[in-house]
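The block underneath contains the structure these notes are about, expressed in structure tokens.
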Number of protein chains: 2
Amino acid sequence: MTDTARGNSRRYGTRPTMKDVAARAGVGLKTVSRVVNGEPGVTPDTERRVQEAITALGFRRNDSARTLRKGRTASIGLVLEDLADPFYGPLSRAVEEVARSHGALLINGSSAEDPAREQELALALCARRVDGLVVIPAGDDHRYLEPEIAAGIATVFVDRPPGRIDADVVLSDNFGGAQDAVAHLIANGHRRIGFIGDQPRIHTARERLRGYRTAMAAAGLSVADAWVSLGTTEPERVRAAAAAMLDAPEPVTALFAGNNRVTVTVVRVLGEHPRPVALVGFDDFELADLVRPAITVVAQDAARLGRTAAGLLFRRLEGTDEAPRRVEIPTRLIARGSGEIRG
Amino acid sequence: MTDTARGNSRRYGTRPTMKDVAARAGVGLKTVSRVVNGEPGVTPDTERRVQEAITALGFRRNDSARTLRKGRTASIGLVLEDLADPFYGPLSRAVEEVARSHGALLINGSSAEDPAREQELALALCARRVDGLVVIPAGDDHRYLEPEIAAGIATVFVDRPPGRIDADVVLSDNFGGAQDAVAHLIANGHRRIGFIGDQPRIHTARERLRGYRTAMAAAGLSVADAWVSLGTTEPERVRAAAAAMLDAPEPVTALFAGNNRVTVTVVRVLGEHPRPVALVGFDDFELADLVRPAITVVAQDAARLGRTAAGLLFRRLEGTDEAPRRVEIPTRLIARGSGEIRG
DNA sequence: TAGCCTCTAGACAACGTTGTCAACTGCGGG
DNA sequence: CCCGCAGTTGACAACGTTGTCTAGAGGCTA
């Protein structure tokens, strides 16, 4: 009995087609197609014979052929920076949920923060004729997508705006969130506040810096050059930057960390530092409440970013031709202790 | 100039084909195909004319048609439990890297730990004619994949073994890792050690339980029924289980947590608990070293699981017909403090 | 110069599916 | 008894690409 699959082996790697099913069931090709797709106009008896042939042969519809014929793939692509980054997991998951609710499959890939790879990946997805594309940009020139968009591939950008083309985009309120974070530290008595951020070529990094400067200015505080550090988020650089700010003759009494990777490194540095230093981080992270002191953060709603973007995408797919929209998702300050250390 | 893309607009949603390119370049269809695929036998002059037509029209090869014709898609599918779970991020990323190095695209989807959805997803990927499939099983009966495997779709299981079929599988040494964890607690003087694990229908949960029991028995310790809790990993259940063990007349002095979600909840519970209690968790997690005390864990190498599985998959795709293999990846005990609290 | 070989190029079928349309059945009404 | 109609069913073309095969141009050798 176990050899039913092995025993009568068809040529390995060969799949039955609708033609084979039709032959076995003694019906026409189109009738099989109707049964497979649940179309009406087939008698129960015929349907049963076809179904039997399908299971007997282990038939499965070839969606490549179907796509070729129909022009739609019922799948969308997601290009993100790094699947292993905890921030993108929920975002990806949210997009997948929306896609699923529309009967579409999600295909995703990582750009590893490399513009060339982002382009390669996005165009590979277009070649597979995904119906739409959700992109978290790594590069800042997306004109390469113009022919694709013109050809009808709906495209939505998330987390960062597209470069040199006009398209739907969903962003967090990076500017406002950063302002809130810094204002919170100022309200707790701090005057010398450092900012450690990501590379300025990244839009979110620039916006958060702008929020920091704006909040400081609004409180009448000037910002020393030595209080701002922008660059890669590698632990060594961040450590060095934090150490420099903390060990200066007039050290900062509070730090604002520009993203979750920076925050984590800063927490490690502060753990080794003698004086208590206040800290607010941009981005929440899972165990922020378990550390002592628990970490105050400005939380983004990654799932909502993803849901919103996917929602816009499917609006486009359903045929809207409104002008591209820009949606901003609010952030939320979560006070847990580290940001309430008095200055 | 900016209206080149908008102005001469073809019918919206229509894409140029090789035929269009051929007509515009004044060459034959097959010549375009040769240029697009970098095949030899085209003079530089002809090639240039074709390239111009391609960029002028914004042509992109239709991979559905290509797949239909060639029979291979150069893509593999990954079915996992939940992309948002930090354990699967690195695994997925590792699979993607290997796929990329073989020129293949990765398509992935989440089963949400639901066997029906796992099947639906896996078969959808098969319908799209992925060349191979990496599956993290949610269900325990994978006979539905038999026709697919017979038809030549290479299939590898990771993290948990397949049910009722024979196929390649890559697993962590859950049994050995659990033994190590419990032996470590025993070596630190504990005699009453509790285990809070996942649902026993999950293979890894059973193996870890078996490791726990084996290690206890090896030390001549008996296990009270009240020390073992198996079920969902929802925080409330875990909290209740932990509380019951800690508040019993003869409370446990150490806990072994069956996976990262359980560990995190237990850490929260212990933070509110008066007496110090030792803890070792299965699975590492990002900030385990930042909590006080830092959490001792048995770490799995998720990236290596993914790399190994993808490696096996591509071996199959290159045509091996060895018997299915079972590969076990060792775990590593990382002592950070919480497991070294003396009993 | 005939004969052969190489190089470039295109015509054509095929991949497996779905949309269109026509053919056939059986039935009820005139 | 004939007509029309609804309900089933299948033949056939088309989707856009690639593999195969053949034609023609041009160069080389004997």
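Remember, predicted model here, so these are calculated numbers, not experimental data. Chain naming here is simple, since letters A, B, ... match the order of the sequence lines and numbering starts at 1 in each.
- The distance between atom CG of A:L57 and atom P of C:dG16, rounded to the nearest whole Å, is 14 Å.
- As judged by a 4.0 angstrom heavy-atom cut-off over every strand, B:N37 is placed among residues touching the sugar-phosphate backbone only.
- For the ring pair (Phe, Tyr, Trp, His ring centres under 6.0 Å) test, residues two or more places apart in sequence or in another chain that qualify with B:F157 are B:H142.
- Counted by atom type alone, B:D82 and B:S110 present zero donor-acceptor pairs between their side chains at under 3.5 Å.
- Among the protein residues, B:V36 comes within range of no part of the nucleic acid, since none of its heavy atoms lies under 4.0 Å from any strand.
- Side chains of B:T43 and B:T46: a donor on one and an acceptor on the other come within 3.5 Å.
- Candidate nucleotides C:dT17, D:dT17, D:dT9 were compared by shortest atom distance to the side chain of A:T46, and D:dT9 ranks first.
- Crowding of B:D141 atom CG: a count of heavy atoms from other residues, nucleotides or ligands under 6.0 Å exceeding 12.
- A donor-acceptor contact closer than 3.5 angstrom links the side chains of A:R61 and A:N37.
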*How far apart are the C-alpha atoms of B:E322 and B:R315, what are their side-chain angles, what is the distance that settles it, and do they pass the salt bridge (Lys or Arg N to Asp or Glu O under 4.0 Å) test?*
CA-CA 10 Å; B:E322 304 162 357; B:R315 278 175 66 92; 2.4 Å; yes

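- Residue B:S33 has a polar side-chain atom (N or O) positioned under 4.0 Å from OP1 or OP2 of D:dT18.
- Residue A:R72 contributes atom CZ, which lies 16 Å from atom C1' of C:dT18 at whole-angstrom precision.
- Looking only at atom types and distance, the side chain of B:E120 has no donor-acceptor partner in the side chain of B:Y144 under 3.5 Å away.
- One finds a side-chain N or O of A:T43 lying less than 4.0 angstrom from the OP1 or OP2 phosphate oxygen of D:dT9.
- At whole-Å resolution of the value, CE in B:M18 and P in C:dG10 are 14 Å apart.
- C:dT18 atom C1' lies 9 Å from atom CG of A:L29, rounded to whole Å.
- Comparing B:P40 and A:R61 by the nucleotide of DNA chain C that holds the closest heavy atom to each, the one mapping nearer the 5' end is B:P40.
- Regarding B:R129, its CZ atom lies at a distance of 17 Å from the C1' atom of D:dT17, rounded to whole Å.
- Backbone-only engagement by B:V42 is indicated by non-hydrogen atom pairs under 4.0 Å involving sugar-phosphate atoms exclusively.
- Rounded to whole Å, the distance from CG on A:N62 to C1' on D:dT17 is 14 Å.
- C:dC15 atom C1' lies 17 Å from atom CZ of A:R66, rounded to whole Å.
- In this entry the distance linking CG of A:D63 with P of C:dC15 reads 19 Å, nearest Å.
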Report all interatomic pairs (protein N or O, nucleotide N or O of nucleotides 19-27 of chain C) with separations under 3.5 Å.
from: C:dG19; atom 1: N7; to: A:K30; atom 2: NZ; distance (Å): 2.8

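- Distances were taken from every side-chain heavy atom of B:L68 (C-beta onward) to each of D:dT9, C:dG16, D:dT17; the shortest belongs to C:dG16.
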